Chemist: 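Got a structure for you, written out below as structure tokens; questions coming shortly.
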Amino acid sequence: MTAVPSPFSVAGKRVLVTGASSGLGRATAIALAANGAVVVACGRDRERLDATRSAMAGDGHALALGDLTTDEAMDATVEVAGKVDGVVHCAGISVPTPLRLAKREYVEAVMRTNYIAPMMLTQRLLAKSRVAKGGSILFLASSAAFRGVAGTAIYGASKGALVAAVRSVALETAKHGIRVNCLAPDLVETPLIETSGTLQGSGDWLEMQRKLHPLGLGKPEDVANSAMFFLSDASRWITGTTLLMDGGIIF
Amino acid sequence: MLVTGASSGIGREVAIACAREGAAVVATGRDTARLDETLSRLAGDGHVPLCADLTSADDRKALVAACGEMHGVVHCAGTTAVRLFRQVDAKFIDEDFAINFDAPLLLTQALLASKRITNGGSIVFVGSFAAHIGAKGSSVYSASKGALIPAARALAQEIGARQQVRVNVINASYVETPMTRHVKTSVLADGESLYVPPLGPGRPDDVANGVVFLLAEASRWITRSILRIDGGLGCQVSMP
């Protein structure tokens, strides 16, 4: 093959990954490191964040411990981040609850973690010019923003808010060549999936879900691979979009 | 990888990008000389030019017979015949759909019937941003490109679980190609310009790289989906 560098490469890019102590964030941090990126990994749990770090190849990575729903953790994370080429917002919670059982505390907690925290972290990074020209900001939304599933009114709304937000933020940052997009995965085999099924209550629920997706459930690596595409120069003309990735499910 | 419309524009760039990433390309188009020019720009070996007019059933049949088994198929061949709504007639509609809709669907059907798409393979239709915006002069073009979306989603449903073949659509906005230069000179009034996306003008390889992603194993869980490559034009369109 020729020696032309691939536009799909993320080597040398500095990328901030939230929610890196487990699930999609962990897989994304590991995949980025394996492909030569320098990762700033954020998470709440010291032990699990260290476990992610020890699974990451290469040097120069940084860890930012803290709960991004707090101003202190957000400020500290921005300082550790420095100037980044990319941001992947993976931190999120999913606890299905029918609306009639939802308490204000629950609604606020979901919105705070899934919507307010990633938006305000992005706000700080942009205000302090911490995202490099031509950089890429990626939010992990969800197919729940598009397809109704009983029990996901609040969760789906928090993810739908991200889908709406990227359309406008993309226009605000386009003059700096900064791209802003969402990935909207359906069910991926992560620790969150255990709680996703509790509403349905049956042990067969997960097996049924696997059958409903023509391509089966997703793997964290699938999301990580898409994230790398959106961080790479191969996607330099893509902004304000949401890519649905759902293994082909109808409902 | 089978790439249609490979003699110019996005199709040519898709062939170049596939070859750059190490794929063997079967490049098809109507113009032998321009197809040869595409071939001369492909990195690596094992690429094959196959001349065909995909609106012809005989040509499709010959192409399917000659092409061998494919890991991916990219439908880039298309026409941008632009006409104001009041000037549209049945012949115009038929010709547009024959190229933009009927040909890629019937070619895909023939490939599948002859088991020319390997299990785990990927089919990509290059659609258009026009499907979302409904641009001036493009009532028929928007419809023929937009029609690819439900067609692709239905096909993905039919072959997904059994053959693990993925089917996706890329909705691209105007990038600088011979086709869009034609639009500029033929339908736009003086002083009127094509939409300028927030990220500035795009290049054919921007679309090609999105195609490569949807062909690659990296997107193995993505099917029935739409990837928008439009420099930020689409996110401004008022449409649910």
Side-chain angles (χ1 to χ4, degrees), chain A residues 1-2 4-8 31 134 163-164 166-181 183-186 188 211-219 221-230 232-250, chain B residues 16-17 19-22 42-44 120 153-154 156-168 170-173 175 197-214 216-237:
Chain A
M1 274 307 292
T2 56
V4 181
S6 169
F8 293 89
V163 171
V166 300
R167 295 181 174 188
S168 296
V169 183
L171 299 177
E172 296 175 16
T173 62
K175 58 179 176 292
H176 303 298
I178 295 169
R179 304 178 290 105
V180 190
N181 295 284
L183 292 179
D186 204 273
V188 178
K211 289 203 182 87
L212 280 176
H213 294 68
L215 302 185
L217 300 189
K219 299 191 177 87
E221 294 73 29
D222 294 324
V223 174
N225 284 328
S226 290
M228 286 198 289
F229 168 66
F230 275 89
S232 76
D233 297 345
S235 61
R236 54 147 227 124
W237 204 52
I238 303 179
T239 196
T241 75
T242 295
L243 179 64
L244 188 60
M245 41 194 306
D246 63 7
I249 194 172
I250 298 180
Chain B
I16 290 170
R20 183 194 67 219
E21 300 297 326
L42 303 187
R153 285 170 61 84
Q157 197 65 23
E158 291 180 22
I159 63 178
R162 196 157 34 90
Q163 291 157 265
Q164 300 288 299
V165 171
R166 303 182 293 112
V167 191
N168 292 288
I170 284 182
N171 276 350
S173 177
V175 294
L199 285 180
R203 305 188 304 244
D205 64 304
D206 292 326
V207 181
N209 286 329
V211 171
V212 168
F213 169 65
L214 288 177
E217 185 67 15
S219 63
R220 54 139 228 121
W221 197 49
I222 301 175
T223 190
R224 286 166 52 85
S225 197
I226 301 168
L227 177 62
R228 288 191 188 190
I229 305 179
D230 61 17
L233 268 182
C235 66
Q236 304 169 93
V237 176

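Sequence lines set the chain letters: A, B, ... in the order given, protein chains first and strands last, and positions in each chain run from 1. Owing to the predicted nature of the structure, the values given are computational and were not obtained by experimental measurement.
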Chemist: Heavy-atom distance under 4.5 Å to chain B: side chain of A:Lys219, backbone, both or neither?
Modeler: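 Contact with chain B involves both backbone and side-chain atoms of A:Lys219.
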Chemist: Does a side-chain heavy-atom distance below 4.5 Å link A:Pro185 with B:Trp221?
Modeler: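 In short, these two side chains touch, coming nearer than 4.5 Å.
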Chemist: Given that the side chain runs from C-beta out, which part of B:Ile226 has a heavy atom under 4.5 Å from chain A: side chain, backbone, both or neither?
Modeler: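 For B:Ile226, the backbone is the part near chain A, not the side chain.
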Chemist: At a heavy-atom separation under 4.5 Å, does A:Asn181 approach chain B through its side chain, its backbone, both, or neither?
Modeler: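 No part of A:Asn181 comes within 4.5 Å of chain B.
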Chemist: Under a 4.5 Å cut-off applied to non-hydrogen side-chain atoms, are A:Leu171 and B:Gln236 in contact?
Modeler: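 Side chain of A:Leu171 against side chain of B:Gln236, heavy atoms only: contact under 4.5 Å found.
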Chemist: Does any heavy atom of chain A fall under 4.5 Å from the side chain of B:Pro197, the backbone, both, or neither of them?
Modeler: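 Just its side chain gets close to chain A.
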Chemist: Please rank B:Asn209, B:Leu227, B:Ile229 by heavy-atom pairs under 4.5 Å with chain A and give me the top one.
Modeler: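 Of the candidates given, the most pairs with chain A belong to B:Asn209.
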Chemist: Side chains of A:Leu215 and B:Gln164, heavy atoms from C-beta outward: is any pair under 4.5 Å?
Modeler: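 Of all side-chain heavy-atom pairs linking B:Gln164 with A:Leu215, at least one is under 4.5 Å.
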Chemist: Heavy-atom cut-off 4.5 Å, strictly under: side chain, backbone, both or neither for A:His213 against chain B?
Modeler: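 Answer is side chain: those atoms of A:His213 sit under 4.5 Å from chain B.
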Chemist: Determine yes or no for a side-chain-to-main-chain donor-acceptor pair under 3.5 angstrom, with A:Thr173 supplying the side chain and A:Ile178 the backbone.
Modeler: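 Yes: the side chain of A:Thr173 pairs with the backbone of A:Ile178.
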Chemist: Taking side chain as C-beta onward, heavy atoms only, is A:Ile250 less than 4.5 Å from B:Arg224?
Modeler: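 A:Ile250 vs B:Arg224: side chains touch.
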Chemist: For a quick test of reading the model, state the closest non-hydrogen atom pair linking B:Arg166 to B:Leu214 and the distance between them.
Modeler: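 Nearest heavy atoms, B:Arg166 then B:Leu214: NH2-O, 3.0 Å.
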Chemist: Between A:Leu243 and B:Ser225, is there a side-chain heavy-atom distance shorter than 4.5 Å?
Modeler: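 Yes; the side chains approach each other to less than 4.5 Å.
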Chemist: Quick one: what part of B:Gln157 sits under 4.5 Å from any heavy atom of chain A, side chain, backbone, both or neither?
Modeler: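 Only the side chain of B:Gln157 comes within 4.5 Å of chain A.
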Chemist: Highest number of heavy-atom pairs under 4.5 Å with chain A: which of B:Ala156, B:Gly231, B:Gly234?
Modeler: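 If we count pairs closer than 4.5 Å to chain A, B:Gly231 comes out on top.
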Chemist: Heavy-atom distances under 4.5 Å only: say whether A:Ser235 touches chain B with side chain, backbone, both or neither.
Modeler: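 No part of it gets close to chain B.
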Chemist: If we only count heavy atoms from C-beta on, is the B:Glu21 to A:Ser6 side-chain gap below 4.5 Å?
Modeler: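 Side-chain contact under 4.5 Å: yes.
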Chemist: For B:Arg203, which atoms come within 4.5 Å of any heavy atom of chain A: side chain, backbone, both, or neither?
Modeler: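 Interface part for B:Arg203: both.
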Chemist: If you count heavy-atom pairs under 4.5 Å with chain B, which of A:Gly218, A:Ala170, A:Ser226 comes out on top?
Modeler: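 So the answer, after comparing A:Gly218, A:Ala170, A:Ser226, is A:Gly218.
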